[in-house]
Number of protein chains: 2
Amino acid sequence: MSRKAPVTAQQVARLAGVSPTTVSFVLNDVRDQGIRPATRQRVLEAAARLGYQPNANARSLASGSTATVALVVPRLDHLYDDHFLAQLLASVNAECHRFGLKLLLESAEHDSATATGFVSLARTRRIDGLIVVNPRQDQLVPLAAVAAAGIPLVLLGQAAAAEAQTGARCVGQDTRIGARLAVSHLIGLGHMAIAYIGFAGRAYVADAEREQGWRDTLTAAGIAPRDDLLEFGALSAISGYQAMQRLLAAGGRPTALFAGNDTIAFGALRALQEAGWAVPQDCAVVGYDDIPLAAFAAPALTTVRTDALAHGRIAMQALAGLLGLSAAPSVTVTATATPSALNADANPVPALVAATLPAPELIVRASCGVRRPAAG
Amino acid sequence: MSRKAPVTAQQVARLAGVSPTTVSFVLNDVRDQGIRPATRQRVLEAAARLGYQPNANARSLASGSTATVALVVPRLDHLYDDHFLAQLLASVNAECHRFGLKLLLESAEHDSATATGFVSLARTRRIDGLIVVNPRQDQLVPLAAVAAAGIPLVLLGQAAAAEAQTGARCVGQDTRIGARLAVSHLIGLGHMAIAYIGFAGRAYVADAEREQGWRDTLTAAGIAPRDDLLEFGALSAISGYQAMQRLLAAGGRPTALFAGNDTIAFGALRALQEAGWAVPQDCAVVGYDDIPLAAFAAPALTTVRTDALAHGRIAMQALAGLLGLSAAPSVTVTATATPSALNADANPVPALVAATLPAPELIVRASCGVRRPAAG
DNA sequence: GTGAAAGCGCTAACAA
DNA sequence: TTGTTAGCGCTTTCAC
């Protein structure tokens, strides 16, 4: 069956015996036009009877806003191993809903530094604003240009420091804090030979920060960070497995490991086990992220929990603020469209993001050598 | 800084000394208009110099197509535990790129049965087509209406049977096949008391099928499926942990477990371990999905691998077929826009999806009681 | 080969 | 309080 010709505002207007303007006013809930309740009612009924749904493109073209935002992630296949990203995605999406916004998903993996997809998304007016997750260093310049062009932009996973550099709103935490939590706990347990396995060879800020946190905390405790206790994996368990094997082969004899993420920790646990090392007796292990399976590792994994959902939520709220949306969308009746996102004026009022990111938290389980508390 | 007034096709036309029409022809690569190479060149240069990016909304309004498709998932927070979904998302996105399409992400969790978001997406012309993942039973009627309205629709995770019922293209496998693989392997190892833990209380087709596969395979082998060896969890590890505890408490004394997914298997392993049961000696365990951590469970998890990436890829190819796009997009120069997706005519040629879904595969590791092959 | 002109369906001044 | 009238920026038919 072929597509039915869609119902237009014209038809609704005709059926209700009013002009298209009135239909537009009623359906967009323009209050200060003082539409008479009876007229309003008539239009609403006509729209409902015809099953009218406004054409989003026509609306966007005329109004200049799309009620759509983009979430740009470095690579979507990180989703396989990066639980933090999965949570981010889910919470950003949920928050979008609350603001009546649609979410366009974009991965930056195919973009060269010159022709970045997010720039084009913004310039083709497909979206009203965007959130960029963990931008690479070489993307900061094009991103600054996007921000300078007045396009609402939030950088997620970038500590506030980047705000001056890029002119974009930044939501993120210095993950050195989490690293400190993990490493100082291990130091407190008496460990001196604490290894670190990074997850991205310093390509991402978060990884570099975590390594720096490891260094700083050791140094502050009067322990020299040893390069023979430093290894790099990727995000995956297998990479952690291999990195741990290299660490063991190098002969540095770590008594504890701080893994850049939980998935890597899983791989490391296996490598240790295969090498005949008992965890935590021969080597304590601490991970990062508190993925759902962390509590189900053998032994259960001590890890640093950061609130990914809060990150996503706050980033989206910041973006909504830049877009000039602050309240939840009013629940509109029947065929009425989602409220259109109004463009912020020049120099939008800086969004007050009341909520702040909760501090990371160390979740102590069996793998670091303390008697295990309740599972989970 | 406020938003710069965007460059329009008019300006490009002026600079190139041609009409807007010609600009449109050149930039859309309209071949049969026989644009003179010199003119073409002039337009291209003007566009590049001005940094022209066509307004996507205007283009969609005029052409009727959006070059955007939606991916509708039941709930996005399933992403925390459902690795299959993560892979689906990544592969659908990657394939979108190849066709020059944008991806709108939509979760169906907020939709009541009456006002389904995907219906409105399609009717507001925000998208050219959509892929719906694991539709619920009560969504099939609205989905059939979408298909009947001529909107390109692919159902993912729905075996071909649903094709007649919904009028939509269905991409999926009967997961009874995978269940059979797992259960018959256990039977082959001599197990008679084989338990099953489902992941969704039969709410989703895939779960019901898996349970049915468990029943059928047992029955075919002359073993009566026992209700005291049947339990239900959710998708998560903790739910698997609890379900396994209930199974143990019920006293059915299973010698093997088939878990509805790997995450549940992780939970079950922990419950068994805490109860003092050795795996695989006292109870063999087989999972489903082959998540990246499956090989790193202790013991390494035997599991059924289905090719999620292929599912996503093929679904997207099917959708592209319905949209009348089949080739990869031509790589267009500089400022040229993405090729617009042409609407399929009435009664589009049924897409020939050459690629078929690979059959599920049993990955044998240590947890089912066979000497463990190489890790990974 | 190229241009003129008529929309696509909606919004929003400005009139009435 | 409502209707008239221009566009928004692009595509596309038809005439030159």
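Because the structure is predicted, anything quoted here is derived from the model rather than measured. Both backbone and side-chain heavy atoms feed into the values below; hydrogens, waters and symmetry mates do not.
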Mind checking if T39(A) touches a base, just sugar-phosphate, or nothing, with heavy atoms under 4.0 Å?
sugar-phosphate
Atom CZ of R123(B) and atom P of dG9(C) are separated, to the nearest Å, by 14 Å
Atom CD of Q11(A) and atom P of dC8(C) are separated, to the nearest Å, by 12 Å
Under a 4.0 Å threshold between the charged nitrogen and the carboxylate oxygen, would R40(B) count as salt-bridged to D29(B)? yes
From CZ of R14(B) across to P of dG9(D) the rounded distance in Å is 12 Å
_When you measure from the side-chain N and O atoms of N55(B) to the phosphate of dC8(D), is any distance below 4.0 Å, counting only OP1 and OP2?_
no
From CZ of F25(A) across to C1' of dT11(C) the rounded distance in Å is 8 Å
Checklist entry - Taking 4.0 angstrom as the limit, do E45(B) and R42(B) come out as a salt bridge? => result no
L27(A) atom CG is separated from dT11(C) atom P, nearest whole Å, by 8 Å
Margin query: One pair to check against side-chain contact (heavy atoms from CB on, under 4.5 Å): V26(A) and V18(A). What are the steps and the verdict?
Written below: CA-CA 11 Å; V26(A) 170; V18(A) 298; over 6 Å; no
- Query: Would you say N57(B)'s side chain and R125(A)'s backbone share a donor-acceptor pair under 3.5 angstrom?
  - Reply: yes
Does the base of dA12(C) carry an N or O that pairs as donor and acceptor with the side chain of S24(A) under 3.5 Å? no
Margin query: Looking at the base of dA12(C), is there any donor atom on it, or on the side chain of S63(A), that sits under 3.5 Å from an acceptor on the other one?
Written below: no
* Asked: Across the strands shown, which category fits T21(A) at heavy-atom distances under 4.0 angstrom: base, sugar-phosphate, nothing?
  -> base
Closest to the 5' end of DNA chain C, once R42(B) and P20(A) are matched to their nearest nucleotides, is R42(B)
Note: for Q10(B) and T22(A) on DNA chain D, the residue whose nearest nucleotide lies more 5' is T22(A)
Report yes if at least one side-chain N or O of N57(A) is closer than 4.0 Å to OP1 or OP2 of dC8(C); otherwise report no. no
Rounded to whole Å, CZ of R125(B) lies from C1' of dT11(D) at a distance of 16 Å
Taking OP1 and OP2 of dG1(C), is either one under 4.0 Å from a side-chain nitrogen or oxygen of R36(B)?
no
### Query
Please walk me through it: do L89(B) and L89(A) pass side-chain contact (heavy atoms from CB on, under 4.5 Å)?
CA-CA 11 Å; L89(B) 195 48; L89(A) 194 48; 3.6 Å; yes
Closest of dC10(C), dT13(D), dG7(C) to the R59(A) side chain is dC10(C)
Ranking dT11(D), dC10(D), dT13(D) by distance to the side chain of N28(B), first place goes to dT11(D)
In whole angstroms, the gap separating P of dT2(C) from CD of Q41(B) amounts to 13 Å
Whole-Å distance, D29(A) CG to dT11(C) P, equals 13 Å
* Contact class for V18(B) (heavy atom, under 4.0 Å): base, sugar-phosphate, or nothing? -> sugar-phosphate
